[in-house]
Engineer: 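One structure, pasted below without further comment.
Each chain gets a letter, A, B and so on, in the order its sequence line appears, and its residues count up from 1. From a predicted model like this one, the values you see are computed outputs, not experimental measurements.
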Number of protein chains: 2
Amino acid sequence: MISSSLSQEITALHADICSALADPVRILILYALNEKPSNVSALAEELGITQSAASRHLNVLRERGLVISQRDGQSVVNMLADSRVIQALDLLRAVLTSKLKNQAALAETIEPSETE
Amino acid sequence: MISSSLSQEITALHADICSALADPVRILILYALNEKPSNVSALAEELGITQSAASRHLNVLRERGLVISQRDGQSVVNMLADSRVIQALDLLRAVLTSKLKNQAALAETIEPSETE
DNA sequence: TGAATTTATGCGTATATCTGCATACATGGT
DNA sequence: ACCATGTATGCAGATATACGCATAAATTCA
């Protein structure tokens with residue numbers, strides 16, 4: 001019984017990690033932290049969101065183990081915990097652009113050059 | 001203005017794809033479909049969920065473009081739209097197991113061989 | 001046309017998440 | 001001790017999602 005519920009537990013954790021990616025702001029945060037570590041308020045300003053929102057989103061990413069934070073004086077520096085997260089995001093972005101291209105091509109066959 | 005809101009739109013779609021992965025049942029469905037295409041009720045039985053739940057989850061995956069469905073007689077066969085989704089899931093699973101291993105190792109240094 | 005099989009969906013409920021605002025908490029410098 | 005700066009959080013409201021049950025809709029076959 002332990003092992004069957006164990007795999008369920010792992011799948012649940014797997015889904016938790018995916019949930020962490022299921023928000024536009026958090027995706028932007030992850031890409032930003034991939035560029036360079038940053039603290040909450042800098043991130044908030046960079047992305048044009050409130051400090052409150054940035055703090056909560058970072059907390060979600062921390063809980064799921066995608067971001068590591070450490071105090072540096074007054075501020076807390078956040079950084080990516082594992083760059084494979086970015087690889088995964090890039091793969092999913094590629095899935096998206098493929099789909100969009102297919103749709104565009106399909107639309108073209110129906111109604112040639114219908115741009116607005 | 002169009003282009004700035006365009007990138008926002010793409011990030012939103014990116015997050016939509018990630019949301020599709022943010023559920024344990026849907027993760028199981030994707031891995032199952034990666035093994036072989038299947039119809040709703042077969043999938044429901046295989047995963048031990050109701051037909052209703054399977055149908056709705058498949059609909060989510062279809063809306064996000066991760067699963068393609070086509071009628072085959074009475075039933076509707078569902079299949080993965082893009083295997084890169086599995087690659088992404090595998091990457092994220094690797095992130096998870098790395099983290100779990102680190103935690104286990106850390107626990108070991110504190111309280112050696114504390115298994116139950 | 002009518003019965004059987006497979007899917008989809010309306011409904012109600014429970015739960016989760018996001019957000020801004022205001023405020024508490026933590027740290028560093030004076 | 002006090003103030004400034006940076007960060008976390010309680011609260012309330014809005015929105016989204018998952019679920020089971022029952023039932024509608026689609027398709028095939030007799």
Engineer: Where does the chain A footprint on DNA chain C start and end, counting 5' to 3' with a 4.0 Å heavy-atom cut-off?
Structural biologist: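 With heavy atoms of chain A under 4.0 Å away, the range is C:dC18 to C:dG28.
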Engineer: Please report the distance, rounded to the nearest Å, between CG in A:Asp23 and C1' in D:dT17.
Structural biologist: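 About 15 Å, once rounded to whole Å.
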Engineer: Using heavy-atom distances to pick each residue's nearest nucleotide on DNA chain C, tell me which of B:Arg71 and A:Arg71 is more 5'.
Structural biologist: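 Counting from the 5' end, the first nearest nucleotide belongs to B:Arg71.
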Engineer: Under 3.5 Å, is there a donor on one side chain and an acceptor on the other for A:Asn59 and A:Arg56?
Structural biologist: no
Engineer: More than 12 non-hydrogen atoms from neighbouring residues, nucleotides or ligands closer than 6.0 Å to CD on A:Glu63, yes or no?
Structural biologist: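 For A:Glu63, atom CD is crowded (more than 12 foreign heavy atoms under 6.0 Å).
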Engineer: To the nearest Å, give me how far apart CG (A:Asn59) and C1' (D:dT9) are.
Structural biologist: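 Taking CG of A:Asn59 and C1' of D:dT9, I get 10 Å after rounding.
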Engineer: Considering only heavy atoms from C-beta outward, does the side chain of B:Leu61 approach that of B:Arg26 to under 4.5 Å?
Structural biologist: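 Heavy-atom side-chain distance check passes, below 4.5 Å.
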Engineer: So, for B:Asn78 and B:Leu33, which heavy atoms are closest and what is the spacing to 0.1 Å?
Structural biologist: O-CD2, 3.4 Å
Engineer: Rounded to whole angstrom units, what separation is found between the CG atom of B:Leu61 and the P atom of D:dT17?
Structural biologist: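 Spelled out: CG on B:Leu61 to P on D:dT17 is 13 Å.
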Engineer: So which heavy atom on A:Thr50 is nearest to which on A:Ala44, and how close?
Structural biologist: O-CB, 3.8 Å
Engineer: So if I take every side-chain heavy atom of A:Asn39 and compare against D:dT7, D:dT5, D:dT9, which nucleotide ends up nearest?
Structural biologist: D:dT7
Engineer: Which distance, rounded to the nearest 0.5 Å, do you find between the CD1 of B:Ile17 and the CG of A:Leu21?
Structural biologist: 12.0 Å
Engineer: I need the CG-P distance between B:Leu28 and D:dA18, as an integer number of Å.
Structural biologist: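 For the pair B:Leu28 CG and D:dA18 P, the rounded distance is 14 Å.
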Engineer: Strictly below 4.0 Å, heavy-atom distances to any atom of DNA chain D: list the hits from residues 44-58 of chain A, or just say none.
Structural biologist: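 Going residue by residue through residues 44-58 of chain A, the ones with a heavy atom under 4.0 Å of DNA chain D turn out to be A:Gln51, A:Ser52, A:Ser55, A:Arg56.
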Engineer: Which atoms form the tightest heavy-atom contact between A:Asp16 and A:Arg64, and what is the distance?
Structural biologist: O-NE, 2.9 Å
Engineer: Within a strict 4.5 Å, meaning less than it, do heavy atoms of the B:Val67 and B:Leu30 side chains meet?
Structural biologist: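 In contact.
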Engineer: D:dA18 P sits how many Å from A:Asp16 CG, rounded?
Structural biologist: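 Distance check: A:Asp16 CG to D:dA18 P gives 13 Å.
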